[in-house]
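Reviewing the structure listed below.
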Amino acid sequence: MNIDSIQNGIVIDHITPGKGMRLYDLLNLDKLDASVAIIKKVTSNKMGRKDIIKIDATIPVDLAVIGYVDPGATVNIIRDGQLISKQNIDMPSELVNVVKCKNPRCITSTEQELPHIFRLTDPVNKVYRCVYCETQGSR
Amino acid sequence: MKSVINIRDLSLEEIDELIQTALDIIDDPAAYARSCLGRILATLFFEPSTRTRLSFESAMYGLGGNVISVAGADSSSAAKGESIADTAKTVSCYADIMAMRHPKEGAALVAANNASIPVINAGDGGHYHPTQTLTDLLTIWREKGRFTGLTVGLCGDLKFGRTVHSLITALSCYSGIRFYLISPEELKLPSYVKKDVLHSGGIPYVQTTSMEIALPELDILYMTRVQRERFFNEEDYLRLKDSYILTPERLKKAKPDMSIMHPLPRVNEISVAVDADPRACYFKQVLNGKYIRMALILKLLQEAGTL
């Protein structure tokens, strides 16, 4: 399968297979007015299989989102066809308005203006909990 | 501005200090009768309560302070759709400290984030109820004289019972604590409490559906009510509400010095015949609740520089 290289844009690489679409959704790439390629389950020497997202535009990418969904992913910035930076992603300590709390008893279910905040409570098991009700966030 | 939303907002030293203050108040209430003269407590209760609201108000009066209150979402601007943040900012203009109960989890945290006065969480849905935990700790201290080396049975609704979650969190800080978690399958302790508190702290516990197995082992039996208001489905409530009923007959298996506690209100989970048993201390708990809230109000007002 051929996906053209991009000249100026971003490649999110080393995505755990199957998490590409989740990242696409949470990064709101569907709203982006540029070409985006999601390449699923390609062969990888390092990972066996991986997903890749190629964005044909230089846009600010919310690294916290990537760190939350898939901290093993890397973000490559491409300019004039050249790789100019490669960034490994850490898990963010806090996420604001990335995922919504699904607990119907949580105060965020009735107070529409409240930011949905999740905090990293267990880095080993990558567990994030809502700061208001402590419900675990779905990754 | 220090607020108390979760029992973890207080260090062990602070809890010890609060218990000591409460014991001092019990010894000499007159010495504290003018401590909060001219200060105002606002009680905001968006969910029904008898004991908690009255104990906060009684506590403030016991300290010589005044009380303003909102009881029920219907009688406040919440009924007009006012946010908790705006309510907290408004109440900060009228009072020196506020106690708030709300049916939604996290409501008190939102209030604390927006208030300019200390906020005490008087219960946020099925989540936390730290002053009940302080009440329970004062009661355990007065009944047992220690927090260490106790075997504590928690019985009934361990899923939605906020008092249970907070008490487990608090007692897990002391050495030699063991828990018996007695509940029907559907009302078991949530996995996050087990994982974050019991497993991470290496606290031994037994999870069982049988009260009979646990009773002979216990130093304290903490009974809870199956709470109708936590169920979305009436059928589930009716099926589970009579799961455990403590009777004099059942108590024959318990230690002679076991303390029976209950955050109240009870429905039928403790037979009225048990009230006469010297091991029953749930009404002493109610009184302890007033004293520990007096101690907490004093501490928070002092730390806020209001006293």
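Side chains are part of it too, since the values below use all heavy atoms of this structure and drop only hydrogens, waters and symmetry mates. In what follows, chains are A, B, ... by sequence order, proteins preceding strands, each numbered from 1.
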Closest non-hydrogen atom pair, E111(A) against S83(B): OE1-CB, 3.3 Å

Neighbour count >12 (heavy atoms, 6.0 Å) for atom NZ, K102(A): no

Side-chain touch Y132(A)/H127(B), heavy atoms, less than 4.5 angstrom: no

Residue S109(A) versus chain B: region with a heavy atom under 4.5 Å: side chain

Part of I5(B) lying under 4.5 Å from any heavy atom of chain A: neither

K195(B) vs E134(A), salt bridge (charged side-chain N to carboxylate O under 4.0 Å, His left out): CA-CA, chis, key distance, verdict: CA-CA 13 Å; K195(B) 201 169 162 189; E134(A) 295 180 273; over 6 Å; no

Greater than 12 external heavy atoms within 6.0 Å of K299(B)'s NZ: yes

Backbone N/O of P104(A) and side chain of K104(B): donor-acceptor pair under 3.5 Å: yes

Side-chain heavy atoms of I107(A) within contact of H102(B), under 4.5 Å: yes

Most chain A-contacting option - heavy-atom pairs closer than 4.5 Å, from L109(B), I84(B), N113(B): I84(B)

Non-hydrogen atoms of L114(A) and V110(B) that approach each other most closely: CD1-CG2, 3.6 Å

